[in-house]
*Asks:* 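Once you've had a glance at the structure underneath, I'll fire off some questions.
Lettering follows sequence order; numbering is per chain, from 1. As the structure is a prediction and not an experimental result, all values here were calculated from the model.
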Amino acid sequence: MLDPRLLRGDIDSVASNLLRRGVRLDSAAYLKLDSRRKSAQKKVDELRNERNTRSKSIGQAKASGADIQPLLDDVSNLGERLQKAKTDLESVQTQLDELHLGLPNILNESVPDGLDETENAEIRRWGEQPVFGFKPNDHVEIGERLGMDFASAAKMSGSRFSLLHGELARVHRALIQLMLDVQTRQHGYRETYVPYLVNAKSLTGTGQLPKFEDDLFQTAGESGLYMIPTAEVPLTNMVAGEILDAGDLPLRFTAHTPCFRSEAGSYGRDTRGMIRQHQFEKVELVQIVKPEQSYEALEELTGHAEVILRLLELPYRVVALCSGDIGFAAAKTYDLEVWLPGQERYREISSCSNCTDFQARRMLARWRNPDTGKPELVHTLNGSGVAAGRALVAVLENHQQEDGSVRLPTSLQPYLGGLTQLSPNA
RNA sequence: GGAGAGGUGGCAGAGCGGUUGAAUGCACUGGUCUUGAAAACCAGCAAGGGGUCAAACCCUUCGAGGGUUCGAAUCCCUCCCUCUCCGCCA
């Protein structure tokens, strides 16, 4: 959510910033609605003031034993007038709230302009794209000989699910272990086990709701809980409604969770293999920081995700998402794109965002600023460190051998009892 | 699932339907005292919105939402959550 004061005070600059995303904000209509809200609010306040004052004097009169009947007659229709004013206010406020919740975050000035992912800006590359003495296969061809089983998954769940057997499942698990160990032991993140089902309020806090409900799976029944699309939701919502001590910041949380996404609107995209699934595993990184430190923290957090790809010896590049591709809650985002020889292109494996105070304002996450003594909004960041399914895909494709086996990076071997490669007949 | 208890400020914990946004304690901040610290004493200390140069001042908030009333932390209803016991269960 954007600062309502910013909207009131400088709506033109907000509108032009949002326009970079392709979002059109009708400034005049907004200001009109806001001024309607203000006058409705004022009306309610006045009536309440009158009621409070009069009620108080009735109390005093009664205490002193005076006749209160005339006073009571005096306030006879106050309640009715107040009720009407409240109804008016509520209807304006509801419209305004809906508008507020539907507006994306303000972009940082460093975000490049662009319409879609083709206009993202490459920041740096790491690693050499492997050169094969044979035609490299994609992860499906490699994986199916190693225990990747889409047929079984389709039988029980349909498309966009996968099932792993044997050593392949073990490698998938090892990747997660490696990621968690690096992030907790080397980068100071606190490992957290979180709920996988969350309420609508939490999803509103991080920005998935109300606008992106179609992307979520919701459970049937009265509770109507949603399955988390990312651990960012539970991890960030830990600080919802809290006032944090300055000394406790920055907070760094990590969690391994499954992620569930309906992938509505992506029909026909990435239908092959386990690139785009309804369910995948991810190790997530979240930081809660003081506002002045958030952009520094974004660089750092991106680096924390990069370490994983380097340990896995996977060539990648870092791109700054352009204005048309960046997510709803983010002010700035770096994607890590890993090289996939099977597709001969870089594919997203991590997305690291500074959400500034956008989520904090929605969930009222604050810290007490010692300089002002007042509670102020924190800044929140999140990033994948990294997606496990895609990491597995990248390992298979980048480290494949001509005989169909796959070399395992040395960093992973301790998690696999010293196993050095995956072989088709094992 | 059944029975009971309870949800109040950063924390603990009072609160006959009427100057209660809320006693008290702890924590915190400032001051006095001290060479310094501690102790003691004095003072301050919830959040959000509006208002103001800044104040004053006004409105809202005692788990959430409804209701009764001139007036609700206090009474009624619904829901949520926590705790204790029983049942069931990984």
*Asks:* Looking at Arg368(A), I'd like to know whether one of its side-chain N or O atoms comes within less than 4.0 Å of OP1 or OP2 on rA46(B).
*Replies:*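 Answer no for this pair, as no side-chain N or O of Arg368(A) is under 4.0 Å from OP1 or OP2.
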*Asks:* With respect to the phosphate group of rG71(B), does any side-chain polar atom (N or O) of Asn52(A) fall under 4.0 Å of OP1 or OP2?
*Replies:*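 No.
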*Asks:* Taking any strand in view, what nucleotide pairs with rU78(B) in a Watson-Crick or G-U wobble way, both distances under 3.5 Å?
*Replies:*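 Check on rU78(B): paired to rA64(B), both distances under 3.5 Å.
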*Asks:* Applying the Watson-Crick and G-U wobble criteria at under 3.5 Å, what pairs with rG17(B)? Answer none if nothing qualifies.
*Replies:*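 Checking every strand shown, rG17(B) finds no partner, since no pair has both distances under 3.5 Å.
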*Asks:* Before accepting this row, confirm whether a basic side-chain N of the pair Glu46(A)/Lys43(A) lies closer than 4.0 Å to the acidic partner's carboxylate O.
*Replies:*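 No, no charged N to carboxylate O under 4.0 Å.
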*Asks:* Quick check on RNA chain B: between Leu78(A) and Lys38(A), whose nearest nucleotide comes earlier from the 5' end?
*Replies:*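 On the 5' side of the pair lies Lys38(A).
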*Asks:* Does any non-hydrogen side-chain atom of Lys211(A) lie less than 4.5 Å from one of Leu101(A)?
*Replies:*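 When only atoms from C-beta onward are counted, Lys211(A) and Leu101(A) do not touch, as no gap falls below 4.5 Å.
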*Asks:* Without decimals, in angstroms, what is the distance between Leu82(A) CG and rU68(B) C1'?
*Replies:*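 It works out to 16 Å between those atoms.
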*Asks:* Determine the contact category for Arg48(A): base if any of its heavy atoms lies under 4.0 Å from a base atom, sugar-phosphate if only primed atoms, P, OP1 or OP2 are that close, otherwise nothing.
*Replies:*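 Touches sugar-phosphate only.
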*Asks:* Per the side-chain contact (heavy atoms from CB on, under 4.5 Å) rule, which among Asn105(A), Thr333(A), Asn108(A), Leu381(A) passes with Asn354(A)?
*Replies:*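 Only one option passes, and that is Leu381(A).
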*Asks:* Paired with rC41(B) by Watson-Crick or G-U wobble geometry, both distances under 3.5 Å: which nucleotide is it?
*Replies:*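 Looking at the geometry, rC41(B) pairs with rG31(B).
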*Asks:* Counting only Watson-Crick or G-U wobble pairs whose two distances fall under 3.5 Å, which nucleotide matches rG10(B)?
*Replies:*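 Across any shown strand, rG10(B) pairs with rC26(B).
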*Asks:* Hey, does the side chain of Arg5(A) come within less than 4.0 Å of rG49(B)'s phosphate (OP1/OP2), counting only N and O?
*Replies:*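 It does, given that an N or O in the side chain of Arg5(A) lies less than 4.0 Å from OP1 or OP2 of rG49(B).
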*Asks:* Which base, if any, makes a Watson-Crick or G-U wobble pair with rA3(B), both distances under 3.5 Å?
*Replies:*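 Partner of rA3(B): rU84(B).
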*Asks:* Considering the options Glu300(A), Glu299(A), Glu306(A), which one meets the side-chain contact (heavy atoms from CB on, under 4.5 Å) requirement together with Thr302(A)?
*Replies:*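 With Thr302(A) as partner, Glu300(A), Glu299(A), Glu306(A) yield a single side-chain contact (heavy atoms from CB on, under 4.5 Å), made by Glu306(A).
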*Asks:* rA47(B), rC59(B), rG18(B): which one has an atom nearest the side-chain heavy atoms of Asp45(A)?
*Replies:*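 Among rA47(B), rC59(B), rG18(B), the one nearest the side chain of Asp45(A) is rC59(B).
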*Asks:* Which is true for Arg8(A) with a 4.0 Å heavy-atom rule: it touches a base, it touches only sugar-phosphate, or it touches nothing?
*Replies:*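 Sugar-phosphate contact only - Arg8(A) comes under 4.0 Å of backbone atoms but never of a base.
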*Asks:* Can you see if the side chain of Asn49(A) gets near the phosphate of rC59(B) - specifically, an N or O under 4.0 Å from OP1 or OP2?
*Replies:*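 Checking rC59(B) against Asn49(A), a side-chain N or O does come within under 4.0 Å of OP1 or OP2.
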*Asks:* When the nearest nucleotide of RNA chain B is assigned to Ile58(A) and to Leu364(A) on a heavy-atom basis, which residue is associated with the more 5' position?
*Replies:*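 Whichever sits nearer the 5' end wins; that is Leu364(A).
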*Asks:* For nucleotides rU19(B) and rC70(B), find the distance between their C1' atoms and express it as a whole number of Å.
*Replies:*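 Per the computed distance, 16 Å lies between those C1' atoms.
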*Asks:* With both distances kept under 3.5 Å, what pairs with rA54(B), Watson-Crick or G-U wobble?
*Replies:*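 Partner of rA54(B): none.
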*Asks:* Per the atom types in the model, does the base of rG18(B) pair as donor or acceptor with the side chain of Lys56(A) at under 3.5 Å?
*Replies:*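 Counting by modelled atom types and ignoring angles, no donor-acceptor contact under 3.5 Å is found here.
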*Asks:* Measure the acute angle between the ring planes of His278(A) and Phe161(A), then classify it against the limits of 30° and 60° as parallel, tilted or perpendicular.
*Replies:*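 His278(A) and Phe161(A): tilted rings.
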*Asks:* Suppose you measure atom P in rG4(B) against the same atom in rC11(B); what distance do you get, rounded to whole Å?
*Replies:*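 After rounding to an integer number of Å, I get 30 Å for this pair.
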